[in-house]
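Here's the structure, in structure tokens; my notes come after.
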Amino acid sequence: NGVFAIGLSPEEQIQTVVHYVQTKGSQSIVVLLPRNPFGDLMAQEVANLKSAGMPIAQVIYYNSQDAGELQKTLNPLSTLSFDTLLIPEGGAILSSLVKAIEAQGIILKNKTICGSAQWDESETMKIKSLRLASLAVALALMAAASSLAAMVSPVSVPCWQPHDFS
């Protein structure tokens, strides 16, 4: 009917990022997902990837509407051993998540932090720990979705090792 979708589905985004970090040597991925229909959709794909042998260590669900609950929900992070954190969230909610994670004493500059196309917004650039990661995810996902995918690897930069920009 002449209508073409340009972009990656949420499932394809998760697949791209998880496959990428595995090829880069990730041994333990923790995934943070919202308690909503989007989170349910992502959880299904994460479960598929885990059963296919991907190194998904744990999935933690959160309610982004309640800051107090958010902090409590993320408490298990401080007891887990992981090298990669996947947060397919954007904007102000992503900012709240990063603040809650850092409040637990988790040093993000020692982790690989990955996201989704939701990072492609101005609010993400305001998060000090994720400034360069935002651009990396946006470029990788655009490359994977475009006709340039044959020339530019769709998994060349979907994640970023955060640095201390202070």
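Atoms considered below: every heavy atom in the structure, side chains included; atoms not considered: hydrogens, waters and symmetry mates.
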- Does Leu86 reach the side chain of Val18, with side-chain heavy atoms less than 4.5 Å apart? yes

- Item | Inter-residue atom distance His19.NE2 - Thr23.OG1, 0.5 Å rounding | 10.0 Å

- Spacing of Thr84 atom OG1 and Lys111 atom NZ [to the nearest 0.5 Å]: 9.0 Å

- Mind jotting down which residue pairs meet the salt bridge (Lys or Arg N to Asp or Glu O under 4.0 Å) criterion with at least one end in residues 88-107? Sequence neighbours excluded, please. none

- Message: One pair to check against side chain to side chain contact (heavy atoms under 4.5 Å, CB included): Thr112 and Leu85. What are the steps and the verdict?
- Response: CA-CA 6 Å; Thr112 298; Leu85 187 58; over 6 Å; no

- Would you say Leu70 and Asn63 make side-chain contact, with heavy atoms under 4.5 Å? no

- Query: When you look at Asn48 and Met54, which way does the side chain to side chain contact (heavy atoms under 4.5 Å, CB included) test go after all the steps?
  - Reply: CA-CA 9 Å; Asn48 292 341; Met54 294 295 151; over 6 Å; no

- Item | Under the side-chain contact (heavy atoms from CB on, under 4.5 Å) test, residues paired with Pro55 that sit two or more places apart | Gln22, Ile29

- Do the non-hydrogen side-chain atoms of Ser116 and Val17 ever get within less than 4.5 Å of each other? no

- Item | Nearest non-hydrogen partners of Ser28 and Ser81, listed with the distance | OG-O, 3.1 Å

- Query: Are any non-hydrogen side-chain atoms of Ile87 and Val31 less than 4.5 angstrom apart?
  - Reply: no

- Message: Please say yes or no: joined through hydrophobic side-chain contacts below 4.5 Å, possibly via intermediate residues, are Leu41 and Ile56 part of one cluster?
- Response: no

- Minimal heavy-atom distance between Ile93 and Tyr62, with the atoms involved, is CG2-CE1, 4.2 Å

- In chain order, what residues pass the side chain to side chain donor-acceptor pair (under 3.5 Å) check against Ser95, with sequence neighbours excluded? none

- Item | Ser26 versus Asp83, side-chain donor and acceptor atoms under 3.5 Å | yes

- Item | Heavy-atom side-chain contact between Leu32 and Leu74 under 4.5 Å | yes

- Query: Quick one: side-chain hydrogen bond (donor to acceptor under 3.5 Å, both in side chains) pairs with a partner in residues 49-61, sequence neighbours left out?
  - Reply: none

- Query: What are the two closest heavy atoms between Cys114 and Val21, and how far apart are they?
  - Reply: SG-CG1, 3.4 Å

- Side chains of Ile60 and Leu80: does their closest heavy-atom pair fall under 4.5 Å? yes

- Query: Can you check whether Val59 reaches Met42 side chain to side chain, under 4.5 Å on heavy atoms?
  - Reply: no

- Go through Leu77 and Phe82 one step at a time and tell me if the side chain to side chain contact (heavy atoms under 4.5 Å, CB included) criterion holds. CA-CA 9 Å; Leu77 275 177; Phe82 62 97; 3.8 Å; yes

- Message: Going by salt bridge (Lys or Arg N to Asp or Glu O under 4.0 Å), name the pairs with one or both residues in residues 35-45, residues two or more places apart or in two chains.
- Response: Arg35-Glu69

